[in-house]
Amino acid sequence: QPGLGKTEAAIMACLDPSTNYTRTNGPTIIVAPSYLTEMWFDRIVEYLPEAPVVLASGTRSAREKILKLRADWYIINYEMLTSRPARDLSKAPNCPKLPNGKPDMARLEYLRTYKPREYKLAIQLPTFPLPRPTNVIFDESHHLKNPNGSQAQSAAELVLSPDINVIMLSGTPIKRDPDDLYMQMHI
């Protein structure tokens with residue numbers, strides 16, 4: 001349901017009370033459909049005119065440069081969230097490593113055989129370099145309902161750490177199946 005204040009509530013939830021609610025408590029990544037990214041930018045600038053905000057748009061190389069800027073807020077779309085397999089596993093941030101820094105191939109084989117979802121996450125590289133977030137907001141989170149989809153898997157990769165605050169926003173009603181909520185709640 002549009003117009004209920006979900007955007008404003010999510011922005012407020014990410015603000016640090018010790019800064020009199022003028023700054024976030026760490027980098028916040030907002031993942032939204034392409035048609036909503038500018039709305040998020042406008043709302044943050046409206047409520048927090050001094051806040052450093054990065055809206056990733058334009059060509060691939062332009063987005064990569066933009067995302068390297070320091071900011072409190074990073075706004076990306078769902079398509080930018082998807083990951084790709086790493087060619088060099090030592091560069092995959094979630095790949096289990098040996099003390100010498102090389103990939104732990106035995107552990108990877110175990111994950112591949114017994115925990116395929118964790119294996120996929122272990123060998124992935126984010127498409128774009130994003131800072132380690134304190135908060136992640138998924139707007140229109142029903143885009144993540146397919147647990148086998150690349151967007152849902154990349155979203156799970158983004159929030160692997162248990163100390164990341166995750167906010168799921170969706171005004172889309174659930175049809176019939178509680179499984180539609182499973183992946184959103186699992187992330």
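All residue numbers refer to positions in the sequence shown, counting from 1.
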Locate the shortest heavy-atom distance separating [X] from [Y]; write the atom from each residue and the value.
| X | Y | answer |
| --- | --- | --- |
| P133 | I164 | O-CG1, 3.4 Å |
| P33 | Y78 | N-CD1, 3.6 Å |
| L55 | T37 | CD1-CB, 3.5 Å |
| S141 | S170 | OG-CB, 3.7 Å |
| L108 | P96 | CD2-CD, 3.9 Å |
| I167 | A10 | CD1-O, 4.0 Å |

Give a yes or no on whether [X] atom [atom1] has more than 12 heavy-atom contacts from other residues, nucleotides or ligands under 6.0 Å away.
| X | atom1 | answer |
| --- | --- | --- |
| E109 | CD | yes |
| M39 | CE | yes |
| E50 | CD | no |

Please round to the nearest 0.5 Å and tell me the distance separating atom [atom1] of [X] and atom [atom2] of [Y].
| X | Y | atom1 | atom2 | answer |
| --- | --- | --- | --- | --- |
| K102 | K97 | NZ | NZ | 13.5 Å |
| I11 | T24 | CD1 | OG1 | 11.5 Å |
| Y74 | N135 | OH | CG | 13.0 Å |
| D104 | L98 | CG | CG | 4.5 Å |
| I30 | D139 | CD1 | CG | 8.5 Å |
| E140 | Y35 | CD | OH | 4.5 Å |

Q: Please lay out, stage by stage, how I137 and T7 fare under the test side chain to side chain contact (heavy atoms under 4.5 Å, CB included).
A: CA-CA 10 Å; I137 300 171; T7 302; over 6 Å; no
(Q) Does K115 form a side chain to side chain contact (heavy atoms under 4.5 Å, CB included) with Y110? I'd like the steps, not just the answer. (A) CA-CA 7 Å; K115 297 183 176 185; Y110 168 79; 3.8 Å; yes
Q. Can V31 and I29 be said to form a side chain to side chain contact (heavy atoms under 4.5 Å, CB included), step by step?
A. CA-CA 6 Å; V31 184; I29 297 173; 4.0 Å; yes
Q.
Checking W73 against V54 for the side chain to side chain contact (heavy atoms under 4.5 Å, CB included) test, could you report, in this order, the C-alpha distance in whole Å, the side-chain angles of both residues, the deciding distance, and whether it holds?
A. CA-CA 6 Å; W73 302 88; V54 169; over 6 Å; no
Q | S34 side chain near E79 side chain, heavy-atom distance below 4.5 Å | A | yes
